[in-house]
Each structure stands twice: as C-alpha cells, then as structure tokens.
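Lettering of chains follows the sequences in order, A, B, ..., and the numbering in each one begins at 1.
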Amino acid sequence: MSVEIPKAYEPGQVEEKWFSQWINAKAFHANPSTANEHYSIVIPPPNVTGVLTLGHVLNNTIQDILARRARAEGKEVLWLPGTDHAGIATQSKVEKHLRDSEGQGRRDIGRDSFLERSWEWKEKHGGIIIKQLKKLGCSCDWERERFTMDDDYSKQVQNCFVHFFNSGKIYRGKRMVNWCPSSLTALSDEEVIMKPQQSKLYYMRYEIADREGEFLEIATTRPETLMGDSAVAVNPNDDRYSELIGKKAVRPFPRAEIPIIADEHIDPEFGTGVLKVTPAHDKADFEIGIKNDLEIIDVLNPDGTLNALAGEEFEGIDRFEAREIVSEKLDEMGLLIRVEEYENNVGYSERADVPIEPRISMQWFLNYPKVSESMAAVSDREIKFRPERWAKTYAHWMENIQDWCISRQLWWGHRIPVWYRKDRAEELKSAPSLDKETCGDDLHVSLEPPSDDENWIQDDDVLDTWFSSWLWPFATMDEKTRQKFYPTTDLVTGPDIIFFWVARMIMAGYEFTGQRPFANVFFTSIIRDKKGRKMSKSLGNSPDPLDLIAKYGADALRFSIMRIAPSGTDVRFIENKKKDSDDGTDCPQVEEGRNFANKLWNAARFRQMQGGPEGLCQLPDINNLSIYDIDILSKLDTLTEEINTSYSAYKFQEIANKLYDFFWSEFCDWYLESIKQYFRDDADPDRRETALIVVDTVFSRFLQQLHPYMPHITEELGEKLGFAENGELLMRVCLSEEPVMQVLDSHLVEQAKERTNAIHEATTRARHLKAQYNLAANRNVKFYLHPSVEWAKEELETLKILSGAGEIFVSETYEPSAGTPTFLTPIGKMYMPLEGLVDIEAEKKRITKEIDKAEKDLKQIRGKLSNPKFTERAPAEVVQENLDRKDEFKKKLDQLHEMLQNLS
RNA sequence: GCGCGGGUAGCUCAGCGGUAGAGCAACUGGUUUACACCCAGUUGGUCGGCGGUUCGAUCCCGUCCCCGCGCACCA
C-alpha cells in the first residue's frame with residue numbers, strides 16, 4: 001500500500017502510465033482467431049494533417065465507450081483507426097507552405113516534386129491527431145492503423161474505379177459542374193453550401209434588332225456574364241413578349257444579335273419576365289441552351305477572371321470587379337435602368353469559402369450503384385440509424401440522387417487509373433463522352449500502367465477523397481480480419497456527413513462485399529459554442545482539447561462531454577474568460593468531470609485509510625448485513641440493470657448521469673456517511689469488516705461500470721484498492737452477469753430499503769430544522785423521538801451521525817415544554833428542545849408554511865378524488881395512491897396543527 | 001417553399017400522461033476521523049403562446065411565434 005496519497009487527483013501522469021500499460025499488454029489488439037463474438041467499429045478517419053476538435057473528442061469518446069463496454073462483455077473487439085488524405089485540405093496547406101517559404105506555386109515545381117513535398121508534409125504533420133486520440137485514451141488497435149493512401153488501400157481505390165468503368169457506371173463527360181475558382185477544381189454537389197447574400201439586382205435593357213429605340217428589359221444579378229449571353233428568353237405564355245419571339249435582341253458588348261426565344265422555365269412574375277441566357281455560366285441556362293441549340297460562350301478563366309471572349313478590355317479582370325465595370329459601362333451606354341438591393345442565395349465552396357462558378361468541363365462521373373438496395377437497408381432497419389429520424393434525411397437524399405462528379409483537378413490523391421494512347425490523347429480527352437464502348441483499345445483503364453507506357457498519357461486528375469473513404473469499412477481489413485470483423489457493428493459519426501460518407505459507404509458495402517458495412521449508425525450531437533455557433537477553425541471558437549486535457553484530465557473531459565451531449569440535438573460548450581486573470585478560461589462543464597474524478601479519488605483514499613481486508617472478499621450472509629449495506633447493494637444491482645438497458649438504447653448521457661448520481665449521492669453522501677461510525681476505534685470489528693467488504697464490493701463493481709467513461713482513473717483506483725486480481729487490468733475484467741444481492745428472501749431487501757429511506761427522510765428533516773436555527777454545524781443538539789415504529793431504536797446511532805446530532809433520546813412519554821420545535825418523520829415525531837433559544841415566532845412561521853404546503857397538496861388531491869370521473873376512469877392503483885396520500889396529508893395536518901397550538 | 005430538431009430554474013441540460021429534477025451560479029452556515037475540485041441548508045419554474053383530446057397534459061394532437069439544421073431555389 002502506498003504511503004501517502006495526494007488529497008487532490010492529479011490525472012497527468014496517471015493517464016500516461018495507464019495508456020502505456022494498455023499498449024504494452026496489447027490490450028487493444030483484436031485477435032481474429034478467437035471464438036468470441038465479434039464487435040467492430042471503424043473510426044471515421046480524420047484528416048491526416050488535422051488537429052483534434054471537441055467534435056472529435058465527443059465522437060471518439062463514444063466509440064471508446066462502446067469498444068470498452070464490448071470488451072467487458074467478453075467480446076473480441078476491433079476498433080480500427082486511421083486517417084484520411086483529405087485531398088483539397090492537405091493540398092492547400094502544402095501549396096500555402098510552398099508559397100510562403102519559397103514563393104512558388106505547385107506548377108512551378110511540377111507534379112512529382114509537389115507530391116514529394118506533400119508526402120514530406122504528411123510525414124511531418126500527419127499523425128498529430130493520432131497522438132491526440134491516444135491522449136484521450138482511445139483503445140484503438142493501433143497496430144492496424146490505416147491511411148487512405150497506403151499502397152494496398154490505394155490499389156483498392158483504383159480497383160474500384162476500374163470495376164465501375166468496366167461495368168459502365170463510370171463515364172467521362174462534358175457537364176456543368178461546380179467549379180471552385182480558388183482551388184481550381186470541380187466539386188461535388190455536396191461540397192457546395194448555399195449562403196444568403198446581400199446582392200444587387202441589375203435592371204438593364206437590350207435593344208430589339210431592327211426596331212431602333214425599342215428595348216427589352218432584363219433583370220440579372222450577374223451582369224458580368226453578359227458577354228456570354230447567347231439568347232434572351234421569355235415565357236411562351238407571356239402576352240407582353242409573345243410577338244417578339246423569333247426576333248433578335250442586341251447584346252451590347254461584344255455587340256451581337258442574339259435570338260429571343262421562348263422557354264417554359266421562365267417565370268413571368270420574376271423581375272421583368274425576361275431572362276438573359278448564358279449557357280456557359282448557369283445550370284438552368286445550360287439546359288435551355290442545349291434545348292434550343294444555343295451557342296455556348298465561356299467568358300471565364302478557371303480562376304474566375306474573364307477571358308478574351310469577354311472582350312479585350314475585360315481580359316484578366318476578376319469576376320466581381322468585372323461586375324462593377326459592366327454595370328458602369330451599361331450605365332454609360334444608357335442601358336442600365338436601375339439597381340436594386342436584393343438578397344439571394346449563392347453557392348460557396350465549403351472548403352475555400354469562395355462563391356463557386358457553374359462551369360462546363362470534362363469530368364468523370366459515377367452513376368451510383370446499389371441505390372435501391374441501400375435505401376431498403378435503412379428503411380427496413382437492416383442498418384439502424386440512431387436517432388432514427390436521420391433515416392428520413394438519408395431517404396430523401398437517396399431518392400433525389402444525382403451522378404457523382406468524382407474527378408478533381410488536384411495532384412494530392414489517388415490518380416485516375418486511365419491512360420490515353422498518345423496519338424489520340426487530345427482527341428479522346430475532349431470527346432463529349434468516354435466510356436468503354438466508344439474508346440476501345442485507345443483507352444487503358446487498369447490498376448497497372450500499360451506495358452509500353454511511353455506511348456500513353458495518364459489522366460491528370462485525381463479522385464474525390466470520398467471516393468476512397470467510402471471503401472473504409474472493408475478496404476482497411478485484410479482477409480483474415482474481414483472474415484472475423486466484417487460487417488462492422490457500429491459506426492459513430494456526425495450527421496453532417498450523412499451524404500458525403502455514410503450513404504456512400506452503404507452503397508459501396510453492398511457493391512463490393514454484398515453485405516451491409518455496419519449494423520448501426522450512431523449520429524452524434526454537434527458541439528457549438530456559447531452563442532450557438534458551430535465550432536470552426538476560422539471563427540477560432542473551439543478550445544484546444546489538449547489544453548482541456550492538460551488542465552482537467554482526459555477522463556474529466558470525456559465524462560463531461562458525455563454528460564452534456566444529448567442524443568440527437570446540438571450542444572453548447574461553455575468557455576468563460578476568467579474574471580481574475582487575463583489569459584485563462586474556465587470550462588464549468590469540464591470542471592464537473594474533474595470534480596467527479598476528484599470525488600472518486602477521495603472516496604478511494606478514505607477507503608484506503610481504513611485498512612482492513614485485502615482484495616475482494618465474499619459478502620457475508622444477508623442476515624449479517626445492516627439495512628444500509630443491503631440498500632446500497634440493491635441500488636448497485638439496480639444501477640447495473642439500468643445501465644444495461646441504457647446501453648442497448650445508446651443513451652450515453654443517461655448512463656453518465658446514473659453513474660454520477662449513484663456514486664456521489666447514494667454511495668458517498670448517504671452510504672459512506674452512514675457507516676463511518678463503524679470505523680471508529682471503539683466500533684465492533686465484525687461490523688467494521690462487513691462494512692469494508694460492502695464498500696469494496698460496491699466500489700469495485702462501480703469502477704467496472706464507470707471504466708468505459710473514465711478509463712484511466714478507474715484502472716488507477718482498481719489497482720490502488722487491490723481489486724485487480726494478479727495484476728490484471730481492469731479493462732480486461734468481464735462484467736459479471738450475476739446481481740450482487742443473491743437473496744431468497746426479497747422481503748428482507750424491501751424492508752431494508754424502506755427503513756433506509758425512513759432514516760434518510762428523518763435525517764433530512766432534522767437537518768432542516770437545525771439549519772433553520774443556524775445550528776447546522778452544532779454537534780451537541782439533542783433530539784427526542786416518540787417512535788412510531790418498533791425498529792427505530794436500532795438505527796438511532798446512524799440517525800445521530802447523519803443528522804449531526806449530539807444525542808437522540810427515545811421516549812414514549814417525553815413532554816416537550818411549550819414552543820419546542822417539533823417535526824414529523826416516518827419513524828415518529830421528533831423534538832428539538834432548545835432551552836431558551838427557541839424563537840417562537842420563527843417556529844410558528846415554519847410550521848405555518850408547512851401547513852400551507854400540506855393544505856395545498858391536500859386540496860389538490862381532494863379535488864381529484866371528488867371528481868367521480870376520476871375515480872371511475874383512472875386506474876385503480878392511481879386512485880388508491882391518491883387515497884393513501886390523502887390520509888397521509890390529513891394525519892400530517894392534524895399533527896402540524898397540534899404543534900402550532902402547542903406554541904401558543 | 002419542403003422537411004427535421006429544439007424552446008423546462010439566471011446558465012448548461014434531464015424528465016416526455018398521474019406529487020416539476022440535476023449540476024453550475026446566487027444566498028446562509030460550516031476545518032464533523034476522504035474530498036473547499038468539499039459538506040449541510042435556502043432561494044429560484046403560468047415546463048414558448050393559444051386551442052383540443054383526456055378523469056388528469058411539461059409530456060399526446062392541432063395551430064401560431066421564436067432559435068438551429070438539412071434540402072430545393074427565380075435570373
């Protein structure tokens with residue numbers, strides 16, 4: 001036993017020590033060869049060069065809880081960790097670094113050299129987040145860590161491409177895509193977010209050809225695309241313009257006559273009811289353009305500046321600057337009518353946070369596989385979503401699913417395994433569509449480059465990062481692992497990537513393995529700041545979890561975050577600036593976890609100070625247990641049962657609350673306080689030993705239950721208190737299915753619980769009264785009891801200790817002097833004689849207040865009972881309950897009135 | 001516009017047909033043989049508004065108002 005334990009728990013070293021012990025013992029390792037039932041979970045791979053956020057803390061704590069709980073249930077557990085190469089995010093970081101340090105762009109140094117730098121960057125900064133997860137205590141099988149650009153993983157990604165190309169699901173085509181002028185790449189629809197903008201609506205006029213002085217008024221938010229107009233469109237049923245259909249309008253610059261056409265798509269109510277059609281720069285216009293065979297004039301460069309087609313004066317000018325210039329120019333020409341303030345939604349690139357540009361370009365697309373099967377899997381609950389409502393979001397997306405643009409004009413990522421025969425490369429690359437049928441031998445699509453690769457040119461593009469991570473649940477596993485652990489059991493992730501990742505994994509799972517990739521998906525809360533804003537890097541409103549761990553401990557952070565994160569709604573994380581210091585902050589929610597750890601620590605200290613039996617001993621027979629022993633043991637069984645239920649419903653917050661309340665309130669505040677008397681030198685040694693055995697039983701079982709939430713401190717205390725048999729790790733101890741209280745006579749248990757409750761209630765009332773007379777700390781106060789139950793005498797010593805009384809006298813005949821404060825308890829009427837200290841008026845006030853409350857309650861109950869509809873229709877037990885309560889209150893009121901009278 | 005979630009004590013959240021809860025904050029008192037990261041006690045609530053169902057509604061239904069999110073989108 002250790003010499004001296006510090007008064008306050010210091011998590012730092014303890015947490016590090018246990019993590020390395022777990023690693024040394026290979027306690028996280030998943031063995032595919034055991035016969036145990038499998039439990040598996042794959043980590044949502046974080047960005048390899050990213051850093052930990054509070055969202056990760058929540059997400060990974062939940063996974064760790066599930067994994068540790070499954071181990072304690074005797075399952076063979078695989079929690080497979082790894083990271084994602086995160087195409088755009090990582091590439092932009094490397095590019096930024098390159099610019100900052102060498103003043104060069106990626107094209108200056110070339111593809112190979114840039115990729116070298118990227119790998120260097122990955123080696124240097126990658127893995128920080130993995131270290132952070134380890135700090136949190138995550139019990140992943142670290143030997144199985146994977147990266148989406150590992151050789152074997154990359155092969156599977158490319159194989160996936162080849163597979164879909166061969167089956168005709170992947171094709172190349174010229175389409176309108178979301179173009180990011182900052183990252184210079186196409187994006188999928190999911191990567192575009194709509195943002196409301198304070199824009200302007202420009203009203204301008206185009207002259208009608210051959211009708212000098214006659215104009216068509218047009219409203220637009222994007223005058224800078226005017227140079228790409230190839231028609232003007234009106235609704236065919238719009239009488240105002242019908243006679244103009246088929247005529248021409250004059251585009252002011254570059255000056256040209258463009259047709260006035262009719263299209264159903266135009267809303268006569270909007271603006272002037274006339275639309276300028278710019279097929280190259282708007283999705284809807286593109287459709288109209290195709291339908292009407294219009295010229296497609298692309299006036300923008302990839303980076304969002306205007307090109308030569310826009311006219312010499314605009315070449316090289318940024319799109320937003322050009323907007324101003326065009327507006328001024330129209331004004332000078334007398335063609336600008338007015339400009340209105342206008343709020344509209346504009347698509348932004350999620351990553352780069354710049355407005356995206358609809359742009360026609362040649363891209364690779366995937367027609368999603370196994371859509372109906374994947375929809376059915378969720379609607380039939382073969383894959384269970386929790387909370388269930390996300391299934392609706394999923395279904396809605398799946399119903400409206402669009403082909404996926406999978407090519408990215410980046411260098412960091414999986415390069416598309418397509419080679420074009422050199423002499424036809426240009427032709428093929430610009431062909432309006434490419435697929436297996438049309439290209440024959442001039443296209444090489446394969447895992448391996450062509451043998452005569454000098455005659456071929458590989459496609460420049462890489463694949464969308466999600467095109468690799470959708471294979472994650474199985475591509476991370478070798479054959480043997482897959483046999484044992486696939487399909488996985490649970491997936492824990494944020495609802496914000498339900499389309500990006502979850503839906504796609506389901507489709508890939510069915511396509512490549514013929515099975516669901518996971519049985520359950522648990523969607524976490526989203527952590528927001530004090531003001532309800534999502535935590536984000538740009539806002540700088542996310543505290544660094546490592547700072548929190550350093551300050552409060554990983555266990556404290558884990559526990560706290562689980563206690564505030566409800567299932568299914570967002571949660572606010574509070575960080576307050578410290579009043580008395582300038583730099584520090586306080587996180588009251590995390591303090592709660594720290595305080596709880598400290599409570600555990602001190603309860604253990606208290607236990608250790610008592611000495612006594614070493615290791616875990618057999619509980620004595622129920623007849624040798626006190627009512628408090630029986631009560632706490634029975635509550636322990638209830639806790640165990642309730643926690644089982646909560647786990648099966650994934651109610652993590654509920655579990656945390658139950659653990660907290662049981663330990664702090666039931667175990668420390670009530671049980672430990674009531675047995676302290678047996679630890680005195682003059683106490684009965686048998687009682688003492690019994691109490692210690694009960695403490696150990698409860699404590700050790702409790703630590704097992706708490707372990708998934710607070711793994712480090714539970715190991716530490718398990719060891720300190722000698723609960724670990726032969727030095728076995730707590731995390732390897734299986735939960736016992738047997739309740740602690742194995743009794744035939746449940747009557748005894750019920751009786752103990754009732755009596756314990758009665759003593760607790762009497763204690764509370766005695767404390768109230770003491771506090772009322774400012775005697776809370778006075779330990780010499782004497783009480784008299786007129787007992788109403790026979791057994792009361794046996795428990796007076798405990799009542800005395802709990803209520804902090806000096807002495808409690810039992811007397812059937814005690815006659816209180818007038819004005820003696822009196823109170824009612826379940827074990828009888830009690831008096832607190834004060835000899836001269838009595839404040840009669842205060843006492844009257846107190847009793848009157850109690851009478852008021854009792855009368856109010858009684859009135860309510862009487863009201864209910866006097867309603868025949870209630871007595872007729874309410875369930876008998878509810879009626880009986882109210883009848884009982886009525887009697888209680890009546891009796892109580894009588895006694896209170898009597899007490900009041902005694903005062904006067 | 002469509003869909004989803006939320007509005008309970010000053011704050012963060014439980015409860016979801018039958019006597020309104022916890023932690024923090026505030027206030028009062030406390031070095032009682034673990035813990036001031038503590039102990040005891042107190043204060044604080046027309047459970048967003050209005051209707052309905054029910055013997056009974058914070059809880060179920062309808063409707064409206066606020067907040068958040070997703071999808072769609074008219075230039």
To the nearest Å, give me how far apart CZ (Arg594(A)) and P (C24(B)) are. 11 Å

One pair to check against ring pair (Phe, Tyr, Trp, His ring centres under 6.0 Å): Phe522(A) and Phe385(A). What are the steps and the verdict? CA-CA 6 Å; Phe522(A) 182 82; Phe385(A) 278 16; over 10 Å; no

Indicate whether the side chain of Ser188(A) and that of Glu191(A) have a donor and an acceptor atom separated by less than 3.5 Å. yes

Quick one: is His768(A) getting a side-chain N or O under 4.0 Å of the U42(B) phosphate, OP1 or OP2? yes

So, is the end of the Lys195(A) side chain (NZ or CZ) under 6.0 Å from the ring centre of Tyr348(A) and within 45° of the ring's axis? yes

Between CG of Leu769(A) and P of A40(B) the distance, given in whole Å, is 17 Å

Starting from Watson-Crick (N1-N3 plus N6-O4 or O6-N4) and G-U wobble pairs under 3.5 Å, report the runs of at least three that RNA chain B belongs to. B:1-7 with B:65-71, B:10-13 with B:21-24, B:26-30 with B:38-42, B:48-52 with B:60-64

Quick check with a 6.0 Å cut-off and a 45 degree axis cone: is Arg563(A) positioned over the face of Tyr660(A)'s six-membered ring? yes

Can you confirm if the NZ or CZ of Arg338(A) lies within 45° of the ring axis of Tyr203(A) and under 6.0 Å from the centre of its six-membered ring? yes

Can you tell me how far C1' of A40(B) sits from OH of Tyr773(A), to the nearest Å? 18 Å

How far apart are the C-alpha atoms of Trp501(A) and Glu190(A), what are their side-chain angles, what is the distance that settles it, and do they pass the side-chain hydrogen bond (donor to acceptor under 3.5 Å, both in side chains) test? CA-CA 11 Å; Trp501(A) 198 46; Glu190(A) 287 68 35; over 6 Å; no

Among side-chain atoms of Gln589(A) and Ser560(A), is any donor-acceptor pair under 3.5 angstrom? no

B/S/- along nucleotides 70-75 of chain B (protein heavy atoms under 4.0 Å) is -SBBBB

U8(B) and G44(B): how far apart are their C1' atoms, nearest whole angstrom? 13 Å

Expressed as a whole number of Å, how far does the C1' atom of C65(B) sit from that of A72(B)? 25 Å

A side-chain contact here means heavy atoms from C-beta on lying under 4.5 Å apart; do Arg251(A) and Lys276(A) qualify? no

Give the rounded distance in Å between these two atoms: CZ of Phe523(A) and C1' of C69(B). 14 Å

List in chain and number order the residues that pass ring pair (Phe, Tyr, Trp, His ring centres under 6.0 Å) with Tyr678(A), two or more places apart in sequence or in another chain; answer none if no residue qualifies. none

Side-chain donor-acceptor pair present, Thr798(A), Gln677(A), cut-off under 3.5 Å: yes

If I pick the P atom on A22(B) and the same atom on G3(B), what distance separates them, to the nearest angstrom? 39 Å

Would you mind reading off the distance between Leu600(A) atom CG and C38(B) atom P, rounded to a whole angstrom? 12 Å

Work out how far the C1' atom of A40(B) is from that of C16(B), and round it to whole angstrom. 33 Å

Rounded to the nearest angstrom, tell me the gap between atom CD in Glu877(A) and atom C1' in G56(B). 15 Å

Whole-angstrom distance between U58(B) and G17(B), as gauged at atom P: 13 Å

Is it true that the side chains of Asp189(A) and Asn178(A) contain a donor and an acceptor less than 3.5 Å apart? yes

Would you tell me whether Gln880(A) and Asp884(A) have side-chain atoms, one donor and one acceptor, within less than 3.5 Å of each other? yes

Whole-angstrom distance between C60(B) and G18(B), as gauged at atom C1': 15 Å

B/S/- contact track for nucleotides 28-36 of chain B, protein heavy atom under 4.0 Å: --S-BBBB-

Reading nucleotides 11-21 of chain B 5' to 3', which nucleotides get B (base under 4.0 Å from a protein heavy atom), which S (sugar-phosphate only), which -? -SSS---BB--

On a whole-Å scale, what distance lies between the P atoms belonging to C4(B) and C61(B)? 12 Å

Only residue of Asn292(A), Ile288(A), Ile260(A) satisfying side-chain contact (heavy atoms from CB on, under 4.5 Å) with Val277(A) is Ile288(A)

Looking only at atom C1', what distance separates C27(B) and U43(B), rounded to whole Å? 7 Å

Between P of G23(B) and NZ of Lys658(A), the distance in whole Å: 17 Å

Tabulate below the donor-acceptor pairs under 3.5 Å that side-chain atoms of residues 853-860 of chain A make, not counting sequence neighbours, or state none.
unit_1: Lys853(A); atom_1: NZ; unit_2: Asp857(A); atom_2: OD2; d: 3.2

Between Thr278(A) and Asp229(A), does any side-chain donor sit less than 3.5 Å from a side-chain acceptor? yes

